[in-house]
Amino acid sequence: MTRDHIGFDASAMRFLLGNVAAETARAQEADDLAPLINNLVELLDQALSQYYALSAEKAALATADMLNPAALTGQVQTLVESIQRNYALHLDDTEHPVVSIVIPVYNKFDLTYQCIRSIQQHGAEIPYEIVIVDDFSRYETLFANFVFSGAIRIVRNAANQSFIRSCNRGFEAARGAYVVFLNNDTEVKPRWLDELYETLQRDPKIGIAGSKLLFPDGRLQECGGIVWRLGDGWNWGRDQDPEDPRFCYMRDTDYVSGAALMIKSSLFRELGQFDEYYCPLYYEDTDLCFKVRQRGYRTVVQPASEVIHFEGASAGTSVTGTGVKRFQAINHRKFFERWKDTLATHRFNGELPELEAERSVRMRALVIDDSVPEPDKDAGSNAVFQHILTLQRLGYKVTFIPGDNMARLDPYTAELQRRGVECLYHPFYFSVEDVFRKQPRPFDLVYLHRYSNASKYGGMIRQHFPKARILYSVADLHFLRLERQAEVEKDAVLRQKAEQMRRLELGAMFFADCVIVHSAVEAELLAKLAPGVQVQVIPWTVEPREITPSETERPAIAFVGGYRHEPNIDAAKWAAAELMPRLRKEVPGIELLLVGSHMPVEVSALAEKDVVPLGYVPSLDSVFARVRLTIAPLRYGAGLKGKVLESFAAGIPCVMTTIAAEGLDLPKAMLPLVVDEPEEIAARVAKLCRDEAEYRRIVDACKAYMSANYSAQRIDALLKEACALAS
């Protein structure tokens, strides 16, 4: 049987089959044949595994191509066909997977199959592969090569190696720049993988991202974890409502479970992989999270990535029995001895868990706006959204309240949460006052956006959080906008309303430590009207980006604006009535696109063959790729105009009125873009449509202007000063 260079010849086959036949004849009960069948299946599986490894062509990876059914005996053929018919799963192969999903398994084939099927069903936007590490299984798992194909690869241990060694072996076989360790007793939910990947991409300081784990009945199993002073751990949020705002935003955590954990492959290798000190399993994931933090990286839980975990299905739940779960207690002691100096700063078990769950928080900021910001729909939302991100970069944990409606509004609330903003909403909180009463720790900073919130909550904040610094961002001065509208429309009632609003707005400012405006013109006006108020000019971050122009048959321009804002409705109507008749003569065939959310009938009714009311578009980049330039023919208004900044950032010139240019402080090279009369606007648009050299000069000036004035670094520095943070 062991002769070299002879192979599995006829005599060896007769010997093997003779023994099988004899054993079969001796069997009295079905169970008598179980050991024989297990051994034979193991031999078959070893042969198939090596066959896969040696196959040079991809076609050989498909079982149907690998085995000729005619060559199989009846029972084996029936078995193979049954397996393929009921269980076969295929993932399209990829040469360059971005993420490798490593799934260690030991028996429990049905769990493994359901796990992989859920991954296949939901897919991902990024290329990925699955590496199954079979830790010397028996039973159905031996047939895995008949079931999985394509980007699902199987690595088998020749003997039982333990969970930790299996994970590490799977990592060695992985090809992705990122690796996810996933238990086989899990089923993933939509976008689980993309959310983890995007979290690591968004912040290079994040070393590990883990999923929110759910029980099959929908209860929360774990949203990150707390490790107490003696090394014992808590599943944060266990048995709670998974929709509770406390468990719905990305946050730093002591550890995330290895049941669903992503890490960059290079960092995992640098840290020595999972430490075999903890073999066979337990505490290896917690130890890894502590090592990541020790290297200066963050460990975060990303609740936008949800995974159902059948807890205990693979390893049991008892820590006192003879099963592998007993190693949880053994490795607890090992972990404590290794990390006791770090743990000395932690609280004892069960002490103030709400605060221990966010131990890394040093400063707390509260942001209040009327509703959840919708940055793709209006400039005010974009401004507050970008300022929230700046506050995070300055080191604040940011909590957001939509004060006017207390509503969760997806996808916008979810976007804040996935970026680490705690959003509070109904039915968990009923009002802003309810939040103030329940807040376990005072806020260090409160940022009030718009007059409506400054007027309602300024005094209340002073009462509840007397030490908090209050910032009031006006968005724009309402009274100034109303004064200008009254002047354009010659409306005495509007003038009276503007005067009343002026008194109210100025009164609200005296509760604030610093008033934020986006325009230097408004800052100069407030210096005269309210000299005792500290005012600071802070725009918002708008990063330049490259736009690839699309092929168009006719020249096009666009006006962009949110139509819940009266000045934009007026501008659209004025452009159609006064500007387009002149442009038709200056630039034959030109087309005007009217773009923006909440478009009313009076604007959509402006439609003609060369006036196209597009309304809301998910991304302005699709519009910028289609047009030569944009226009901003505002006749009244106040504040900084987001429509102009977005156009410049995309490298698209914007021809605008003086009102639209207010607060921009444009360099000399860009001043020709500012004209007020319809004849002048038409002439300027025509020149930029015809003169390529002038157009390129203006485009370059726009990009340089945006880089110099609206970078994240500049806005961070300005807001840091407003927050009175030490340099």
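Salt bridge annotation for Glu358-Arg251: absent, with no cationic side-chain nitrogen under 4.0 angstrom from a carboxylate oxygen. Between Lys334 and Asp275 there is no salt bridge, since no side-chain N of the basic residue sits under 4.0 Å from a carboxylate O of the acidic one. The pair Arg26-Asp32 fails the salt-bridge criterion, with no side-chain N (NZ, NE, NH1 or NH2) lying under 4.0 Å from an Asp/Glu carboxylate O. Taking 4.0 Å as the cut-off between side-chain N and carboxylate O, Asp185 and Lys108 do not count as a salt-bridged pair. A salt bridge does not link Glu95 with Arg175: every distance from a Lys NZ or Arg NE/NH1/NH2 to an Asp or Glu carboxylate oxygen is 4.0 Å or more.
Test Asp134, Ile116, Ile152 against Ile103 for side-chain contact (heavy atoms from CB on, under 4.5 Å) and you get one pass: Ile116.
Aromatic ring pairs are classed by plane angle as parallel below 30°, tilted from 30° to 60° and perpendicular above 60°; the pair Phe290 and His346 is tilted.
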Task: Derivation of the side-chain hydrogen bond (donor to acceptor under 3.5 Å, both in side chains) call for Glu222 and Ser257 - done: CA-CA 8 Å; Glu222 174 182 324; Ser257 171; 4.5 Å; no

Open item on the list: Please determine whether salt bridge (charged side-chain N to carboxylate O under 4.0 Å, His left out) holds for the pair Arg246 and Glu354, giving the CA-CA distance in whole Å, both sets of side-chain angles, and the decisive distance to 0.1 Å.
Closed with: CA-CA 9 Å; Arg246 293 177 298 165; Glu354 292 280 351; 2.5 Å; yes

Open item on the list: Pair Tyr197, Tyr128 - check ring pair (Phe, Tyr, Trp, His ring centres under 6.0 Å), show working.
Closed with: CA-CA 11 Å; Tyr197 173 73; Tyr128 68 96; over 10 Å; no

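Remark: Arg333 is not positioned above the aromatic ring of Phe336, lacking an NZ or CZ atom under 6.0 angstrom from the ring centre and at most 45 degrees off the axis.
A centroid separation of less than 6.0 Å is found between the aromatic rings of Phe181 and Phe274.
The line from CD1 of Ile226 to CG of Leu355 is 9.5 Å long, rounded to the nearest 0.5 Å. Taking CD1 of Ile308 as the reference point, atom CG of Leu213 lies at 10.5 Å (rounded to 0.5 Å).
For the salt bridge (Lys or Arg N to Asp or Glu O under 4.0 Å) test, residues two or more places apart in sequence or in another chain that qualify with Arg219 are Asp217, Asp239. Considering only residues two or more places apart in sequence or on other chains, Lys438 meets the salt bridge (Lys or Arg N to Asp or Glu O under 4.0 Å) condition with Asp434.
Using a distance-only test at 3.5 Å, with no hydrogens or angles considered, no donor-acceptor pair links the side chain of Asn235 to the main chain of Arg238. The main-chain N or O of Leu281 is found under 3.5 Å from a side-chain atom of Asn331 such that the two form a donor-acceptor pair.
Side-chain atoms of Gln302 and Glu198 form no donor-acceptor pair, as typed in the model, at a separation below 3.5 Å. Side chains of Arg117 and Gln120: a donor-acceptor N/O pair is absent below 3.5 angstrom, by distance only.
Applying the salt bridge (Lys or Arg N to Asp or Glu O under 4.0 Å) rule to pairs touching residues 341-352 yields Arg347-Glu356, sequence neighbours excluded.
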